Amino acid sequence: MTSTPPVAKKVPTERTHHGDTVIDPYEWLRAKDSPEVVEHLKAENAYTEAVTAGQEQLRQDIFSEIKNRTQETDLSVPARKKDWWYYSRTEEGKQYSIHCRVKAEDTGDVARDWTPPEVVPGRPVDGEQVLLDGNLEAEGKPFFSLGGLTVSEDGTLLAFSVDNAGDERFSLRIKDLRTGELLPDEIPNVFYGLAFSPDGSQVFYTVVDDSWRPYQVKSHRLGTAVEEDALVYQEDDVAMWTGFDLSADRTQLLIGIGCSEYSEYRALDLERQDAGLTTLIPRSERILYEAEPLRVEGRLHYLLTHDRGARNSMVSLVAADEFQRPLAEQEWMTVVNHDDAVRVHGATVTATHVLVSVRKDTTMRVQILPRDGLGTPLQQPPVEPAFDESLYTCNLAGAEFESPVIRLSYASYFTPPRVYDYLLDAGVLSLRKETEVRGGYGSEDYVAERQWAAAADGTQIPLSVLRRRDLQQDGTNPAVIYAYGSYEISMDPAFSISRLSLLDRGIIFVVAHIRGGGEMGRTWYEGGKKLAKKNTFTDFVDATTHMAKSGWVDPKRVAAIGGSAGGLLMGAVANLAPEKYCAIVAQVPFVDALTTILDPELPLSALEWEEWGNPITDPEVYWYMKEYTPYENIREAAYPRIAAVTSFNDTRVLYVEPAKWVARLREVTTGSEPIVLKTEMDGGHGGASGRYEQWKDVAWDYAFVADALGATRVLSRTTSVAG
């Protein structure tokens, strides 16, 4: 191993757009099949290992802390579907989940029949049937990930898809659960998403094109050759993403085609497939919507979650035959009104109720209303299960159409994940499980607070500030600032066992809910995309400044972490304010965004136009992106300690982006801090597979920042001095 960084050779590559010619000396690193590129990445790994060798004990300590707090032999709460209770479990020493089921009973007693069976970790379950053991599937494979897992309506067949490379291209197999045998049907190169037809004779799946865009929905009829699979739908617009699902009542296949700004739904009646697809609202209307069929007094309707005249979206009920008329003449009945303070994220149905997911006061929650009188003055007001904490996340985790019970997931920053069942008619909430955290964890030892940072334009940016309760507001504490800030994705309150390892070293962990995310509704997202994207980066710097002045944090002991589009954020803030951070970890970072989006042949490039703008056709977008893209804006400055962490087989953010970024950073920095590249040679966008390998990845990242912050020792409960 060497402590001398590898020096990437320079091979000038010319790029010209809108009269602007750029010479890129490191574009040659894109040649993934080149032995020279592979050797360079291995040399980078050797250098990284040498530079961070002193952190090995800290990495082992953090990994052990994660492992010792985790109930390794554990299981999910069984969820009922038809005649079976389905669950997954993990076993100590094993990397992957084991998917199982046991028979359900029907006694006529609703409470009894829908109370999950008691399944105790480590104790054999009477009548358990193992559907799929991920550990057996992964044996001898460099990588293992499940892309989908679904059981036919009659419970006799299992369809599942497996990725053994990390490139998110899966092979689909079908298992006969009556015999345990795999059927000969095998379909390569499928994407996420699987569904059986109600009669179990077909499997629907998605295919990606050469740029990794899901564009085809296909149907495989069991027992036939893959070459004969029917094409249900193909989307040729390179800027549109295609997906599908079965309707809640299992009567329709719903194909959703869309981008971040508008969508289109096409429905296939599964009883009359020969009739073909029916388009609901065409994309030409530029409405962003989702659709769910339901029958009202025997007449087919659709429940629409949409942004027609409603920036934060609303819910309407529309009779199916209305879609045959011009949009302006259609009659839409309001179910959930638009509210500037409430973002509506989606709605689904059971046989008796409508379930609406909303974001209010930055937190996700579920609202429940009966179907009786829906969309009329007789409609009843929604009910929302109440919880004690102010910063939490509640999501719908399961709702079988005929079920009298729905499943809710709940978590907060310091409440471990909980599973609740909610009895729809009675409105009774029952706690089924709270994930055990071992090692003497007590939520009372920590505090989660909401603070607000002022942006340069006066906007108030919400921050979630997490810390040990016994820290003092004396300006000496180290801090990690984390954010994402793109695609309207929200960093919602969630429990993290691994994060406790930072908090227990006296590090204050700050989640900055910056513009470009969805925490404050659609306007918040739009304020950080396209030609407003720079707000995302300046918000993060302003959040850092706020914490440095808060009295809690030592301004000289601040680190930053972000991944994917949050890795682009890391690169941008490194250029904007390198002096504010002593360390930055950029995970699978999108740091060469302009080069990528300028090439529509690269994975996902065309799909990115709705997020960033199209720099190929729009010179204003080109020049705006050139002003912030990290790789384009590296300058002579004393950059902090930086780790770029990537995966060789990542199909979302190619390894070449951080590889080029690191090479240029080293060339230009005027500082002496190490800048390292760590490449997982067998991983994908999520890193290595297997929970122990993923814990090691987290331990590596956290050790890197804790070491830079001088916060390597776990504090006692009586001091706030970080060591």
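Quick note: residue numbers are just sequence positions, from 1. Predicted, not measured: the structure shown is a model, and the values here were computed from it.
Judged by distance alone, with hydrogens and angles left aside, the side-chain atoms of Thr206 form no donor-acceptor pair with the main-chain N or O of Gly243 at under 3.5 Å. Using a distance-only test at 3.5 Å, with no hydrogens or angles considered, no donor-acceptor pair links the side chain of Asn135 to the main chain of Lys94. Of the possible donor and acceptor atoms, none in the side chain of Glu228 sits under 3.5 Å from a partner among the backbone N and O of Thr224.
Around CD of Gln129, the count of heavy atoms belonging to other residues, nucleotides or ligands within 6.0 Å exceeds 12. Atom NZ of Lys433 sits in a crowded spot, with more than 12 heavy atoms from other residues, nucleotides or ligands closer than 6.0 Å. Within 6.0 Å of CD in Glu444 there are more than 12 heavy atoms belonging to other residues, nucleotides or ligands. Within a 6.0 Å sphere centred on NZ of Lys103, heavy atoms belonging to other residues, nucleotides or ligands number more than 12.
The closest side-chain heavy-atom distance from Val354 to Leu374 is below 4.5 Å. At a threshold of 4.5 Å between non-hydrogen side-chain atoms, the residues Phe160 and Ile174 do not count as touching. Looking at Asn68 and Arg438, their side chains never come closer than 4.5 Å, going by heavy atoms from C-beta outward. Between Glu91 and Ile98, the closest side-chain pair of non-hydrogen atoms falls below 4.5 Å. Residues Ile281 and Leu304 meet the side-chain proximity criterion, which asks for heavy atoms closer than 4.5 Å. Taking 4.5 Å as the limit, every side-chain heavy atom of Ile257 sits out of range of all side-chain heavy atoms of Ser263. Side-chain contact between Arg250 and Phe401: absent, with no pair of heavy atoms (C-beta onward) separated by less than 4.5 Å. Side-chain contact between Tyr446 and Arg469: absent, with no pair of heavy atoms (C-beta onward) separated by less than 4.5 Å.
Side-chain contact check for Gln273 and Gln202: at least one donor-acceptor pair (N or O, by modelled atom type) lies under 3.5 Å. The closest side-chain donor-acceptor pair between Tyr205 and Asp229 falls under 3.5 angstrom. In this structure, a donor-acceptor pair under 3.5 Å is present between the side chains of Gln330 and Trp332. There is a side-chain donor-acceptor pair under 3.5 Å between Arg221 and Ser201. Between Arg343 and Ser313, the side chains place a donor N or O and an acceptor N or O closer than 3.5 Å (distance only, hydrogens not considered). Between the side chains of Ser490 and His513, not a single donor N or O lies within less than 3.5 Å of an accepting N or O. A donor and an acceptor atom, one from each side chain of Asp249 and Thr251, are located under 3.5 Å apart.
Every ring-ring contact (aromatic ring centres under 6.0 Å, His included) that Tyr289 has, sequence neighbours left out, goes to Tyr265. Under the ring-ring contact (aromatic ring centres under 6.0 Å, His included) criterion, Tyr420 pairs with Phe387, sequence neighbours left out. In this structure Phe170 satisfies the ring-ring contact (aromatic ring centres under 6.0 Å, His included) test together with Tyr192, sequence neighbours excluded. By the side chain to side chain donor-acceptor pair (under 3.5 Å) test, Ser161 is found to be paired with no residue, residues two or more places apart in sequence or in another chain being considered. Not counting sequence neighbours, the partners of Val336 by the side chain to side chain contact (heavy atoms under 4.5 Å, CB included) test are Val315, Val344, Val356. Every residue meeting the side chain to side chain donor-acceptor pair (under 3.5 Å) condition with Glu322, not counting sequence neighbours, appears here in chain and number order: Arg325. Listed by chain and residue number, Arg283 satisfy the salt bridge (Lys or Arg N to Asp or Glu O under 4.0 Å) test with Glu235 (two or more places apart in sequence, or in another chain).
Taking both residues in full, the closest heavy atoms of Leu157 and Asp176 are given as CD2-CA, 4.0 Å, listed atom of the first, atom of the second, then distance. Among all heavy-atom pairs drawn from Arg371 and Arg295, the shortest one is NH2-O, 2.9 Å. The two atoms that bring Asp113 and Gly108 nearest to each other are OD2-N, 2.9 Å, heavy atoms only. Scanning all heavy atoms of the two residues, the minimum distance from Val102 to Pro117 falls at CG2-CG, 4.1 Å. Of all heavy-atom pairs between Ser409 and Ala397, the closest is N-CB, 4.0 Å. When all heavy atoms of Tyr302 and Ala267 are compared, the pair lying nearest together is OH-CB, 3.7 Å.
Between atom CD1 of residue Ile497 and atom CD of residue Gln71 there is a gap of 9.5 Å, rounded to the nearest 0.5 Å. Between the CG atom in Leu396 and the CD1 atom in Ile368 there is a gap of 8.5 Å [rounded to 0.5 Å].
Residue pairs meeting the salt bridge (charged side-chain N to carboxylate O under 4.0 Å, His left out) criterion with at least one member in residues 377-395, sequence neighbours excluded, are Arg365-Glu384. Residue pairs that meet the salt bridge (charged side-chain N to carboxylate O under 4.0 Å, His left out) test with at least one member in residues 402-426, sequence neighbours left out, are Arg407-Asp421, Arg418-Glu434, Asp421-Arg432. Identified under the salt bridge (charged side-chain N to carboxylate O under 4.0 Å, His left out) test for residues 114-134, with sequence neighbours left out: Arg89-Glu128. Pairs engaging residues 192-206 under the salt bridge (charged side-chain N to carboxylate O under 4.0 Å, His left out) rule: none recorded [sequence neighbours left out].
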Could you please spell out the steps behind the side-chain hydrogen bond (donor to acceptor under 3.5 Å, both in side chains) verdict for Glu290 and Thr305? CA-CA 5 Å; Glu290 296 177 357; Thr305 304; 5.0 Å; no
Tell me, with the steps shown, if Ser152 and Asp154 meet side-chain hydrogen bond (donor to acceptor under 3.5 Å, both in side chains). CA-CA 5 Å; Ser152 61; Asp154 65 3; 2.8 Å; yes
Going through the distances and angles, do His301 and Val318 end up as a side-chain contact (heavy atoms from CB on, under 4.5 Å)? CA-CA 5 Å; His301 287 67; Val318 186; over 6 Å; no
What verdict does the side-chain contact (heavy atoms from CB on, under 4.5 Å) test give for Met364 and Ser357, after you've listed the backbone C-alpha separation in whole Å, the side-chain angles of each residue and the deciding distance to 0.1 Å? CA-CA 7 Å; Met364 283 298 295; Ser357 295; 4.0 Å; yes
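Relative orientation of the Trp84 and Tyr86 rings is tilted, given thresholds of 30° and 60° on the angle between their planes.
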Without placing hydrogens or testing angles, list every side-chain donor-acceptor pair under 3.5 Å for residues 182-191, not counting sequence neighbours.
residue, atom, partner, partner atom, Å
Asp185, OD2, His220, NE2, 2.5
Asp185, OD2, Gly223, N, 2.8

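Electrostatic pairing of Glu65 and Lys67 does not count as a salt bridge here, judged by no charged N lying under 4.0 Å from a carboxylate O.
Separation of the Tyr413 and Phe495 ring centroids does not fall under the 6.0 Å cut-off.
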